[in-house]
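Here is the structure we will look at.
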Amino acid sequence: MLGNWKRSHLCGALTAAEMGEDVCLMGWVQRRRDHGGLIFIDLRDREGVVQLALDPDRDPLAHKKAEQIRNEFVIAARGKVSPRPEGTINPKMKTGEVEIEVNELKILNRAETPPFMLDEHTEVAENIRLKYRFLDLRRPALQNNMLMRHLVAKTVRNYLDDNGFVEIETPVLTKSTPEGARDYLVPSRVNPGNFYALPQSPQLFKQLLMVSGFDRYFQIVKCFRDEDLRADRQPEFTQIDCELSFVDRETVMSVMEGLIAKIFQEALGVELTLPMPRLTYAEALNRFGVDNPDLRFDMELVSLTEIVKDCGFKVFADVADKGGLVKALNVKSGATFSRKELDDLTDFVKIYGAKGLAWVKMTEEGWQSPIAKFFNDDELAALNQALGAEVGDLLLFVADNARITNEALGRLRAHLGQKLGLADKENYQFAWVTDFPLLEWDDEAKRHVAVHHPFTAPLEEDIPLLDTEPGKARAQAYDLVLNGSEVGGGSIRIHDQSVQSRMFSLLGIDDQEAREKFGFLLDALSFGAPPHGGIAFGLDRLMMILTGADSIRDVIAFPKTQKATCLLSEAPNEVDEKQLQELGVRLRRQSK
RNA sequence: GGGGCUGUAGUAGAGUCGGUUACAACGCCGGCCUGUCACGCCGGAGGUCGCGGGUUCGAGUCCCGUCAGCCCCGCCA
């Protein structure tokens, strides 16, 4: 097919520098413009588009062939890089100064008419795009995302290699462990009735590699969690997984923020200021209501419980009396919100369990609000002062238990930041959130569960709390938050077998279960484990922010739908009875 | 498991209060056109209104169910 034709350049890379050269180009037909005589073809490849000019007077044969060419045909063209005639330079194109005067043309492959136009102007429903993903991936938007993803992966490898990390692969067929997300299971043919689990992360293996003395490990690795999908969650996703020996939290954070800074420099040309801000979990919750605050704008939550504890508004006073929280945020210049908008905000906080949203519009005459009448002048003055309220502002209050008040207002703050355009996509605000609680009480299971995971070390000063008030113990954990998104998280691990056993017992995992599930880790810890810690970054979420994508599907070549299916390959599918028999698996009839 | 949005030629949309033959655009096919670049002009083909049921003399439109895609809650150590 190619014969002795050999590609000399990429289409999109040609510039005036190649002027006069004879070139051989290959690519896809973006568009053909047939003027009856002259025919123009925009030829596209990974790098971009260049214009081919076919003149019937110069080469009748090539011109004749060009007449039957259609969109997305794969063609090869030989010709000369030429300056465009006066007045026909296209400043919108990277290659707009030149065109190829074609003297030989070859059709390498014909193409059916594509189901949708492969240009940047046509918007296509996502289910169609996913079914023909290989075509959607030809479009510049996804091409650019995938190319940047490659650049980031390359940068990660270079940086970590420079900093003494070793890339080591860990098993994909591994062991199901309790705690955490639902596992994807793989039946073992050789061991009927037994199952492998796909890893939720290589957590235990990377700790074993520290015990083995590799000092610093990393892997760009697929992880699997069988949970419901979201705009930023896929069942299989990629982590930049790291683990380091003989380090404390500060060392991990400083090595890793160097990595992030390098990524932003290479991918976007953005220089980040280091070190990144640090924020404790308690402070994050107090000021922003959530542990992943968006720091691109202010609008912080203000605690008003003390001010309203004796006020005439029973809803607030009761909550204060019962140990709950009354908090509010000040939407600067928000008094223009319509009744409908306020109703929508009320519906919004109800999603997170709030019973309602009290609002106040600050006018020249003072409070305009359904709840204004319940407060005396002193209380009004104190509230205004606490919130920095000025004429034209909108104050929004939630009163409930601490968890609901913080979450509802925190989410409302993030929502308003988007709605009011305070969250500029090209403004990158990082923070490390530290000192997470080690444990959390699970009301359903009537036991503590690990906030991070069962191998996270407590703060040294909080170790005594494990025996007295384990719920108050803080962890040597850290999350990296970027623009309201958790892009990474990790901790210093327990490297002492006895502390690890104590942790398991706090989690309600008895000795026998601990041996069954984690025996190999406990063994490893007993054979000389170095102090170690690590972190994992969600590469997909990081790519979303770097590319400005609203969906995780836009940074993954072949993503799954919300029902975890692949519209392209039609996975998952039914399998032959014979395959099931070999695996010793029998299907249960699904009851409807 | 739950809440919400969407579904009309290949694509993305319009379609009023339920009323005759479901519109125009892009794409596609044919013709014309030698400087276009989201080329232009003329003509043409193309429809299971997601699917099933119901109400009605009559349903793209109203009702019920269902499927698919998306967003969210729960879930995601």
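Proteins get letters first, then strands, A, B, ... in listed order; numbering begins at 1 in each. All figures in this text were calculated on a predicted structure; none of them were measured in a lab.
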Next item on the list: Round to the nearest Å and state the distance from A/Lys560 atom NZ to B/A68 atom C1'.
Entry: 18 Å
Notebook entry, point to check: With sequence neighbours left out, which residue pairs that include part of residues 505-514 of chain A fulfil the side-chain hydrogen bond (donor to acceptor under 3.5 Å, both in side chains) condition?
Noted result: A/Gln512-A/Glu516
Next item on the list: Take A/Ala125 and A/Ala231, find for each the nucleotide of RNA chain B with the closest heavy atom, and name the residue whose nucleotide sits nearer the 5' end.
Entry: A/Ala125
Item checked: Sequence-distant partners of A/Glu126, side chain to side chain donor-acceptor pair (under 3.5 Å), two or more places apart -> A/Arg553
Checklist line | Partners passing side chain to side chain donor-acceptor pair (under 3.5 Å) against A/Glu341 (at least two apart in sequence or in another chain) | finding: A/Ser338, A/Lys419
Notebook entry, point to check: Please give, in whole Å, the distance from B/G13 P to A/His121 NE2?
Noted result: 17 Å
Notebook entry, point to check: What residues form a side chain to side chain donor-acceptor pair (under 3.5 Å) with A/Arg541, not counting sequence neighbours?
Noted result: none
Next item on the list: Using atom CD1 of A/Ile552 as one end and atom P of B/C71 as the other, report the distance to the nearest whole Å.
Entry: 11 Å
Check: Under a 3.5 Å cut-off for both distances, is B/C26 Watson-Crick or wobble paired, and to whom?
Finding: B/G10
Note to self: Under 4.0 Å, heavy atoms only, any strand: does A/Val49 hit a base, just the sugar-phosphate, or nothing?
What the structure shows: nothing
Notebook entry, point to check: Under a 3.5 Å cut-off for both distances, is B/G18 Watson-Crick or wobble paired, and to whom?
Noted result: none
Margin query: For B/U36, is there a stacking contact with A/Phe40, counting only centres under 5.5 Å and planes under 30°?
Written below: yes
Check: Ignoring hydrogens and angles, does a donor from either the side chain of A/Glu123 or the base of B/U11 sit under 3.5 Å from an acceptor on the other?
Finding: no
Margin query: Regarding A/Asp119, tell me which of base, sugar-phosphate or nothing describes its non-hydrogen contacts under 4.0 Å with the strands shown.
Written below: nothing
Item checked: Residues forming a ring pair (Phe, Tyr, Trp, His ring centres under 6.0 Å) with A/His495, sequence neighbours excluded -> none
Margin query: How would you summarise protein contacts on nucleotides 27-34 of chain B per nucleotide, using B for base, S for sugar-phosphate only and - for none, with heavy-atom distances below 4.0 Å?
Written below: SSSS--BB
Check: Which heavy atom of A/Lys472 sits nearest a heavy atom of A/Asp462, and at what distance?
Finding: O-OD2, 4.1 Å
Check: For A/Thr88 and B/U36, is the shortest distance between a side-chain N/O and OP1 or OP2 below 4.0 Å?
Finding: no
